[in-house]
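What follows is one structure encoded as C-alpha coordinates, with my remarks underneath.
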Protein chains: 2
Amino acid sequence: MFSKATEYALRATIYLAKKSSPDKKIGIGEIAKAIDSPPSFTAKILQSLTKDNTLVSSVRGPNGGFFLTENAKKLPVRAILIAMGEDEVLEKCVLGLKRCSEVQPCPMHEQYKSIKQLLIKLFTNKSIQQLANEIKEGEVYISNKINHQ
Amino acid sequence: MFSKATEYALRATIYLAKKSSPDKKIGIGEIAKAIDSPPSFTAKILQSLTKDNTLVSSVRGPNGGFFLTENAKKLPVRAILIAMGEDEVLEKCVLGLKRCSEVQPCPMHEQYKSIKQLLIKLFTNKSIQQLANEIKEGEVYISNKINHQ
DNA sequence: ATAAATAAAGATAACTTTATCCTTTATTGT
DNA sequence: ACAATAAAGGATAAAGTTATCTTTATTTAT
(Lines give C-alpha, C1' and ligand atoms only; values in the text may rest on other atoms or scores of the structure.)
Protein backbone atom coordinates (compact mmCIF):
# COMPACT_ATOMS: atom_id res chain seq x y z
CA MET A 1 0.00 0.00 0.00
CA PHE A 2 2.65 2.51 1.04
CA SER A 3 6.34 2.77 0.17
CA LYS A 4 8.92 1.45 2.60
CA ALA A 5 9.88 5.03 3.40
CA THR A 6 6.32 5.82 4.43
CA GLU A 7 6.01 2.61 6.42
CA TYR A 8 9.16 3.56 8.33
CA ALA A 9 7.82 7.08 8.78
CA LEU A 10 4.58 5.80 10.24
CA ARG A 11 6.31 3.34 12.54
CA ALA A 12 8.93 5.82 13.69
CA THR A 13 6.41 8.56 14.36
CA ILE A 14 4.10 6.26 16.29
CA TYR A 15 7.07 5.07 18.29
CA LEU A 16 8.05 8.65 19.04
CA ALA A 17 4.50 9.45 20.07
CA LYS A 18 4.69 6.64 22.57
CA LYS A 19 8.21 7.14 23.88
CA SER A 20 9.30 10.72 23.34
CA SER A 21 8.48 14.21 24.56
CA PRO A 22 10.29 17.56 24.40
CA ASP A 23 11.99 16.44 27.61
CA LYS A 24 12.82 12.99 26.35
CA LYS A 25 14.41 12.83 22.95
CA ILE A 26 15.14 9.52 21.24
CA GLY A 27 18.23 8.78 19.16
CA ILE A 28 18.05 7.29 15.70
CA GLY A 29 19.75 4.14 16.94
CA GLU A 30 17.00 3.29 19.39
CA ILE A 31 14.27 4.24 16.94
CA ALA A 32 15.64 2.11 14.11
CA LYS A 33 16.12 -0.84 16.41
CA ALA A 34 12.64 -0.50 17.84
CA ILE A 35 10.85 -0.27 14.54
CA ASP A 36 13.18 -2.65 12.70
CA SER A 37 14.35 -0.30 9.98
CA PRO A 38 17.71 0.66 8.44
CA PRO A 39 19.16 3.41 10.66
CA SER A 40 20.64 5.75 8.03
CA PHE A 41 17.61 5.54 5.82
CA THR A 42 15.31 6.15 8.75
CA ALA A 43 17.42 9.12 9.75
CA LYS A 44 16.97 10.62 6.30
CA ILE A 45 13.24 10.13 6.50
CA LEU A 46 12.93 11.66 9.95
CA GLN A 47 15.12 14.56 8.89
CA SER A 48 12.73 15.25 6.04
CA LEU A 49 9.83 15.18 8.51
CA THR A 50 11.51 17.79 10.69
CA LYS A 51 11.70 20.25 7.81
CA ASP A 52 8.79 22.40 8.93
CA ASN A 53 8.91 21.33 12.58
CA THR A 54 5.19 20.75 12.85
CA LEU A 55 5.39 16.97 12.78
CA VAL A 56 8.72 15.65 14.03
CA SER A 57 11.18 17.80 15.98
CA SER A 58 14.83 17.20 16.72
CA VAL A 59 17.78 18.56 18.66
CA ARG A 60 21.43 17.82 18.01
CA GLY A 61 24.15 17.08 20.47
CA PRO A 62 24.27 15.16 23.74
CA ASN A 63 20.83 14.18 25.00
CA GLY A 64 19.56 15.23 21.63
CA GLY A 65 17.43 13.15 19.34
CA PHE A 66 13.99 13.12 17.77
CA PHE A 67 10.74 13.85 19.55
CA LEU A 68 7.13 14.86 19.09
CA THR A 69 5.54 17.87 20.72
CA GLU A 70 2.12 17.50 22.32
CA ASN A 71 0.68 19.38 19.36
CA ALA A 72 2.32 16.99 16.92
CA LYS A 73 0.89 13.99 18.77
CA LYS A 74 -2.59 15.39 18.26
CA LEU A 75 -2.20 15.47 14.48
CA PRO A 76 -4.07 12.90 12.41
CA VAL A 77 -1.99 9.97 11.14
CA ARG A 78 -2.72 11.33 7.73
CA ALA A 79 -0.36 14.22 8.47
CA ILE A 80 2.47 11.70 8.15
CA LEU A 81 1.23 10.58 4.74
CA ILE A 82 0.95 14.18 3.61
CA ALA A 83 4.47 14.97 4.84
CA MET A 84 5.74 11.92 2.98
CA GLY A 85 3.95 12.99 -0.18
CA GLU A 86 1.90 9.80 -0.25
CA ASP A 87 -1.49 11.10 0.73
CA GLU A 88 -2.81 10.55 -2.78
CA VAL A 89 -2.81 6.81 -2.18
CA LEU A 90 -5.96 7.27 -0.11
CA GLU A 91 -7.76 9.16 -2.84
CA LYS A 92 -6.60 7.77 -6.14
CA CYS A 93 -8.40 5.42 -8.50
CA VAL A 94 -7.61 1.79 -7.82
CA LEU A 95 -6.96 1.23 -11.53
CA GLY A 96 -4.71 4.29 -11.67
CA LEU A 97 -6.97 6.29 -13.97
CA LYS A 98 -6.48 10.03 -13.93
CA ARG A 99 -9.97 10.84 -15.09
CA CYS A 100 -11.85 8.42 -12.87
CA SER A 101 -14.52 10.26 -10.88
CA GLU A 102 -18.15 10.19 -9.86
CA VAL A 103 -19.23 11.39 -13.28
CA GLN A 104 -16.76 9.19 -15.15
CA PRO A 105 -16.31 6.14 -12.92
CA CYS A 106 -13.98 3.24 -13.66
CA PRO A 107 -15.45 -0.26 -13.43
CA MET A 108 -14.33 -0.60 -9.81
CA HIS A 109 -15.21 2.92 -8.74
CA GLU A 110 -18.51 2.33 -6.96
CA GLN A 111 -17.35 -0.60 -4.89
CA TYR A 112 -13.93 0.82 -4.15
CA LYS A 113 -15.41 4.14 -3.13
CA SER A 114 -16.62 2.83 0.21
CA ILE A 115 -13.24 1.29 0.94
CA LYS A 116 -11.53 4.59 0.16
CA GLN A 117 -13.92 6.37 2.48
CA LEU A 118 -13.03 4.00 5.30
CA LEU A 119 -9.32 4.45 4.61
CA ILE A 120 -9.63 8.23 4.60
CA LYS A 121 -11.72 8.15 7.75
CA LEU A 122 -9.19 5.93 9.52
CA PHE A 123 -6.22 8.09 8.66
CA THR A 124 -8.02 11.37 9.21
CA ASN A 125 -9.88 10.70 12.42
CA LYS A 126 -7.20 8.79 14.23
CA SER A 127 -4.51 10.90 15.86
CA ILE A 128 -0.91 9.79 16.12
CA GLN A 129 -1.29 9.78 19.89
CA GLN A 130 -4.36 7.56 19.79
CA LEU A 131 -2.41 5.03 17.78
CA ALA A 132 0.47 5.19 20.23
CA ASN A 133 -1.98 4.53 23.06
CA GLU A 134 -3.07 1.31 21.42
CA ILE A 135 0.37 -0.13 22.00
CA LYS A 136 -0.04 -2.16 25.16
CA GLU A 137 2.68 -1.51 27.71
CA GLY A 138 5.49 -4.03 27.60
CA GLU A 139 4.18 -5.54 24.42
CA VAL A 140 6.35 -6.33 21.45
CA TYR A 141 4.56 -4.37 18.82
CA ILE A 142 6.92 -3.30 16.13
CA SER A 143 10.08 -5.32 16.46
CA ASN A 144 10.86 -7.94 19.05
CA LYS A 145 14.47 -6.76 19.03
CA ILE A 146 13.97 -3.82 21.38
CA ASN A 147 12.45 -5.90 24.15
CA HIS A 148 15.39 -8.24 24.40
CA GLN A 149 17.89 -5.60 25.43
CA MET B 1 -1.95 0.93 -3.94
CA PHE B 2 -0.66 -1.17 -6.81
CA SER B 3 2.37 -0.78 -9.08
CA LYS B 4 1.93 0.74 -12.52
CA ALA B 5 2.49 -2.68 -14.02
CA THR B 6 -0.41 -4.10 -12.04
CA GLU B 7 -2.63 -1.15 -12.85
CA TYR B 8 -1.95 -1.73 -16.55
CA ALA B 9 -2.57 -5.46 -16.09
CA LEU B 10 -5.93 -4.82 -14.44
CA ARG B 11 -6.99 -2.30 -17.07
CA ALA B 12 -5.82 -4.42 -19.98
CA THR B 13 -7.48 -7.56 -18.70
CA ILE B 14 -10.77 -5.82 -17.99
CA TYR B 15 -10.61 -4.33 -21.47
CA LEU B 16 -9.99 -7.77 -22.96
CA ALA B 17 -12.89 -9.20 -20.97
CA LYS B 18 -15.11 -6.58 -22.53
CA LYS B 19 -13.82 -6.63 -26.09
CA SER B 20 -12.16 -9.96 -26.83
CA SER B 21 -13.02 -13.60 -27.24
CA PRO B 22 -11.23 -16.61 -28.75
CA ASP B 23 -12.79 -15.47 -32.03
CA LYS B 24 -11.85 -11.84 -31.61
CA LYS B 25 -8.28 -11.18 -30.63
CA ILE B 26 -7.07 -7.68 -29.85
CA GLY B 27 -3.66 -6.30 -30.79
CA ILE B 28 -1.38 -4.60 -28.33
CA GLY B 29 -1.76 -1.32 -30.20
CA GLU B 30 -5.49 -1.10 -29.61
CA ILE B 31 -5.19 -2.28 -26.02
CA ALA B 32 -2.53 0.25 -25.10
CA LYS B 33 -4.45 3.07 -26.73
CA ALA B 34 -7.67 2.05 -25.03
CA ILE B 35 -6.25 1.81 -21.55
CA ASP B 36 -3.76 4.67 -21.98
CA SER B 37 -0.59 2.75 -21.29
CA PRO B 38 2.85 2.46 -22.91
CA PRO B 39 2.52 -0.20 -25.67
CA SER B 40 5.82 -2.06 -25.26
CA PHE B 41 5.59 -2.16 -21.52
CA THR B 42 2.00 -3.34 -21.68
CA ALA B 43 3.05 -6.01 -24.15
CA LYS B 44 5.65 -7.29 -21.69
CA ILE B 45 3.05 -7.42 -18.95
CA LEU B 46 0.49 -9.25 -21.05
CA GLN B 47 3.14 -11.67 -22.23
CA SER B 48 3.92 -12.51 -18.63
CA LEU B 49 0.21 -13.09 -18.01
CA THR B 50 0.02 -15.57 -20.88
CA LYS B 51 2.72 -17.74 -19.32
CA ASP B 52 0.38 -20.43 -17.99
CA ASN B 53 -2.48 -19.64 -20.36
CA THR B 54 -5.14 -19.65 -17.66
CA LEU B 55 -5.58 -15.90 -17.50
CA VAL B 56 -4.63 -14.17 -20.76
CA SER B 57 -4.23 -16.04 -24.03
CA SER B 58 -2.58 -14.93 -27.23
CA VAL B 59 -1.97 -15.95 -30.83
CA ARG B 60 0.70 -14.59 -33.15
CA GLY B 61 0.40 -13.65 -36.76
CA PRO B 62 -2.32 -11.94 -38.82
CA ASN B 63 -5.60 -11.63 -36.92
CA GLY B 64 -3.64 -12.63 -33.87
CA GLY B 65 -3.59 -10.75 -30.61
CA PHE B 66 -4.58 -11.13 -27.00
CA PHE B 67 -7.85 -12.48 -25.71
CA LEU B 68 -9.62 -14.02 -22.75
CA THR B 69 -11.37 -17.36 -22.79
CA GLU B 70 -14.79 -17.67 -21.19
CA ASN B 71 -13.15 -19.51 -18.32
CA ALA B 72 -10.65 -16.72 -17.82
CA LYS B 73 -13.42 -14.14 -17.71
CA LYS B 74 -15.01 -16.02 -14.84
CA LEU B 75 -11.86 -15.75 -12.71
CA PRO B 76 -11.87 -13.34 -9.76
CA VAL B 77 -10.07 -10.03 -10.33
CA ARG B 78 -7.72 -11.23 -7.67
CA ALA B 79 -6.32 -13.75 -10.15
CA ILE B 80 -4.72 -10.79 -11.91
CA LEU B 81 -3.08 -9.62 -8.71
CA ILE B 82 -1.82 -13.12 -8.03
CA ALA B 83 -0.41 -13.44 -11.55
CA MET B 84 1.33 -10.09 -11.11
CA GLY B 85 2.75 -11.19 -7.77
CA GLU B 86 1.02 -8.38 -5.94
CA ASP B 87 -1.65 -10.27 -4.08
CA GLU B 88 0.10 -9.68 -0.78
CA VAL B 89 -0.95 -6.03 -0.90
CA LEU B 90 -4.43 -7.16 0.14
CA GLU B 91 -3.18 -9.10 3.13
CA LYS B 92 -0.16 -7.31 4.46
CA CYS B 93 0.13 -5.11 7.52
CA VAL B 94 -0.48 -1.45 6.75
CA LEU B 95 2.68 -0.53 8.69
CA GLY B 96 4.69 -3.16 6.84
CA LEU B 97 5.33 -5.34 9.88
CA LYS B 98 6.20 -8.95 9.21
CA ARG B 99 5.01 -10.22 12.56
CA CYS B 100 1.76 -8.30 12.74
CA SER B 101 -1.13 -10.67 13.36
CA GLU B 102 -4.19 -11.25 15.49
CA VAL B 103 -2.07 -12.35 18.41
CA GLN B 104 0.56 -9.63 17.90
CA PRO B 105 -1.35 -6.75 16.34
CA CYS B 106 0.21 -3.47 15.26
CA PRO B 107 -1.43 -0.28 16.49
CA MET B 108 -3.54 -0.03 13.33
CA HIS B 109 -4.37 -3.71 13.06
CA GLU B 110 -7.89 -3.78 14.47
CA GLN B 111 -9.20 -0.87 12.47
CA TYR B 112 -7.38 -1.77 9.30
CA LYS B 113 -8.57 -5.36 9.52
CA SER B 114 -12.09 -4.51 8.38
CA ILE B 115 -10.75 -2.51 5.45
CA LYS B 116 -8.56 -5.43 4.41
CA GLN B 117 -11.55 -7.73 4.59
CA LEU B 118 -13.52 -5.47 2.28
CA LEU B 119 -10.59 -5.27 -0.13
CA ILE B 120 -10.17 -9.03 -0.18
CA LYS B 121 -13.90 -9.52 -0.60
CA LEU B 122 -14.02 -7.07 -3.50
CA PHE B 123 -11.14 -8.65 -5.38
CA THR B 124 -12.17 -12.21 -4.60
CA ASN B 125 -15.89 -12.11 -5.20
CA LYS B 126 -15.90 -9.94 -8.27
CA SER B 127 -15.11 -11.70 -11.51
CA ILE B 128 -13.21 -10.07 -14.34
CA GLN B 129 -16.33 -10.42 -16.46
CA GLN B 130 -18.54 -8.70 -13.90
CA LEU B 131 -16.19 -5.75 -13.92
CA ALA B 132 -16.21 -5.63 -17.70
CA ASN B 133 -20.00 -5.59 -17.61
CA GLU B 134 -19.95 -2.46 -15.49
CA ILE B 135 -18.45 -0.55 -18.37
CA LYS B 136 -21.42 1.17 -19.91
CA GLU B 137 -21.55 0.80 -23.67
CA GLY B 138 -20.11 3.73 -25.56
CA GLU B 139 -18.78 5.24 -22.37
CA VAL B 140 -15.28 6.58 -22.07
CA TYR B 141 -14.10 4.57 -19.15
CA ILE B 142 -10.42 4.04 -19.35
CA SER B 143 -9.01 6.48 -21.82
CA ASN B 144 -10.91 8.96 -23.91
CA LYS B 145 -8.48 8.35 -26.73
CA ILE B 146 -10.14 5.21 -28.03
CA ASN B 147 -13.55 6.77 -28.47
CA HIS B 148 -12.32 9.49 -30.77
CA GLN B 149 -11.24 7.10 -33.48
C1' DA C 1 6.08 -21.30 -50.69
C1' DT C 2 6.04 -16.62 -49.64
C1' DA C 3 4.96 -12.36 -47.55
C1' DA C 4 2.75 -9.91 -44.06
C1' DA C 5 1.26 -9.49 -39.48
C1' DT C 6 1.76 -10.00 -34.76
C1' DA C 7 3.30 -11.76 -30.29
C1' DA C 8 7.68 -13.41 -27.81
C1' DA C 9 12.14 -12.72 -26.32
C1' DG C 10 16.23 -10.21 -25.32
C1' DA C 11 19.04 -6.24 -24.53
C1' DT C 12 19.28 -2.03 -22.72
C1' DA C 13 18.28 2.51 -20.80
C1' DA C 14 16.16 5.94 -17.78
C1' DC C 15 14.28 6.78 -13.58
C1' DT C 16 12.95 5.94 -8.76
C1' DT C 17 13.44 3.84 -4.42
C1' DT C 18 16.10 2.07 -0.95
C1' DA C 19 20.18 2.23 1.47
C1' DT C 20 24.96 3.43 3.19
C1' DC C 21 28.80 6.25 4.40
C1' DC C 22 31.34 10.32 5.32
C1' DT C 23 31.66 15.10 6.52
C1' DT C 24 29.65 19.13 8.66
C1' DT C 25 27.04 21.60 12.03
C1' DA C 26 24.81 22.31 16.33
C1' DT C 27 24.34 21.37 21.26
C1' DT C 28 25.53 19.90 25.75
C1' DG C 29 28.26 18.96 29.77
C1' DT C 30 32.71 19.51 31.91
C1' DA D 1 37.06 26.85 25.68
C1' DC D 2 36.91 21.95 24.81
C1' DA D 3 35.47 17.41 23.92
C1' DA D 4 31.84 14.44 23.14
C1' DT D 5 27.50 13.58 21.10
C1' DA D 6 23.92 13.48 17.84
C1' DA D 7 21.34 15.26 13.93
C1' DA D 8 21.91 17.49 9.13
C1' DG D 9 23.67 17.38 4.72
C1' DG D 10 25.92 15.53 0.69
C1' DA D 11 27.69 12.04 -2.25
C1' DT D 12 27.17 7.73 -3.86
C1' DA D 13 25.70 3.02 -4.76
C1' DA D 14 22.68 -0.94 -5.23
C1' DA D 15 18.34 -2.60 -6.48
C1' DG D 16 13.92 -2.32 -8.42
C1' DT D 17 10.52 -0.29 -11.60
C1' DT D 18 9.18 1.56 -15.79
C1' DA D 19 9.94 1.90 -20.48
C1' DT D 20 11.80 1.34 -25.30
C1' DC D 21 13.82 -0.87 -29.18
C1' DT D 22 15.45 -4.61 -31.99
C1' DT D 23 15.41 -9.23 -33.35
C1' DT D 24 13.17 -13.72 -33.50
C1' DA D 25 9.44 -16.95 -33.89
C1' DT D 26 4.85 -18.10 -35.18
C1' DT D 27 0.62 -17.81 -37.67
C1' DT D 28 -2.36 -16.54 -41.42
C1' DA D 29 -3.67 -15.34 -46.00
C1' DT D 30 -2.48 -15.22 -50.74
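All heavy atoms count here, side chains included; hydrogens, waters and symmetry mates do not. By convention in this document, chain letters (A, B, ...) are assigned in the order of the sequence lines, proteins followed by strands, and residues within each chain are numbered from 1.
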Using a 4.0 Å heavy-atom cut-off across all strands, classify [X] as base, sugar-phosphate, or nothing.
{"X": "B:Gly65", "value": "sugar-phosphate"}
{"X": "B:Phe67", "value": "nothing"}
{"X": "B:Ser40", "value": "base"}
{"X": "A:Ala5", "value": "sugar-phosphate"}

Item to check | Stepwise side-chain contact (heavy atoms from CB on, under 4.5 Å) test for B:Val89 and B:Thr6 | outcome: CA-CA 11 Å; B:Val89 175; B:Thr6 294; over 6 Å; no
In whole angstrom, what separates [X]'s [atom1] from [N]'s [atom2]?
{"X": "A:Phe66", "N": "D:dA8", "atom1": "CZ", "atom2": "P", "value": "4 Å"}
{"X": "B:Arg60", "N": "D:dT28", "atom1": "CZ", "atom2": "P", "value": "12 Å"}
{"X": "B:Leu46", "N": "D:dA19", "atom1": "CG", "atom2": "C1'", "value": "15 Å"}
{"X": "A:Ile28", "N": "D:dT5", "atom1": "CD1", "atom2": "P", "value": "18 Å"}
{"X": "B:Ile31", "N": "C:dA8", "atom1": "CD1", "atom2": "P", "value": "10 Å"}
{"X": "B:Ile45", "N": "D:dT20", "atom1": "CD1", "atom2": "P", "value": "11 Å"}
{"X": "B:Asn53", "N": "C:dA7", "atom1": "CG", "atom2": "C1'", "value": "12 Å"}
{"X": "A:Phe41", "N": "D:dT12", "atom1": "CZ", "atom2": "P", "value": "19 Å"}

Checklist entry - What about A:Phe123 and A:Phe2, are their ring centers closer than 6.0 Å? => result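 For A:Phe123 and A:Phe2, the ring centres are under 6.0 Å apart.
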Report the nucleotide, chosen from [options], that has the shortest atom-to-atom distance to any side-chain atom of [X].
{"X": "A:Lys44", "options": "D:dG9, C:dT28, C:dA7", "answer": "D:dG9"}
{"X": "A:Asn63", "options": "C:dA19, C:dT28, C:dA8", "answer": "C:dT28"}
{"X": "B:Tyr8", "options": "D:dT18, C:dT27, D:dA19", "answer": "D:dA19"}
{"X": "A:Pro62", "options": "D:dT18, C:dT18, C:dT27", "answer": "C:dT27"}
{"X": "B:Gln47", "options": "C:dA9, D:dA7, C:dT28", "answer": "C:dA9"}

Checklist entry - Would you say B:Thr50 reaches C:dA8's phosphate, i.e. side-chain N/O to OP1/OP2 under 4.0 Å? => result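 Checking B:Thr50 against C:dA8: at least one side-chain N or O falls below 4.0 Å of OP1 or OP2.
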Item to check | Distance below 4.0 Å between B:Ser58 side-chain N/O and C:dT6 OP1 or OP2 | outcome: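 No.
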Checklist entry - Should B:Lys113 and B:Glu110 count as an ion pair when the cut-off is N to O under 4.0 Å? => result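 Between B:Glu110 and B:Lys113 there is a salt bridge, with a charged N closer than 4.0 Å to a carboxylate O.
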Item to check | For B:Ala79 against B:Leu75, the heavy-atom pair lying closest together | outcome: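 Nearest heavy atoms, B:Ala79 then B:Leu75: CB-CB, 4.1 Å.
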Item to check | Along DNA chain D (nearest heavy atom to each residue), the more 5'-positioned of B:Phe2 and A:Gly64 | outcome: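 Between the two, 5'-proximity favours A:Gly64.
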Checklist entry - Can you check side-chain hydrogen bond (donor to acceptor under 3.5 Å, both in side chains) on B:Glu102 and B:His109, steps first, answer last? => result CA-CA 8 Å; B:Glu102 281 300 291; B:His109 188 83; 2.7 Å; yes
Next on the checklist: Judged by each residue's nearest nucleotide on DNA chain C, which is more toward the 5′ side, B:Ile26 or A:Ser3?
Outcome noted: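 Looking at the nearest nucleotide for each, B:Ile26 comes out on the 5' side.
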Item to check | Check against side-chain hydrogen bond (donor to acceptor under 3.5 Å, both in side chains), A:Ser37 and A:Thr42 | outcome: CA-CA 7 Å; A:Ser37 67; A:Thr42 310; 2.6 Å; yes
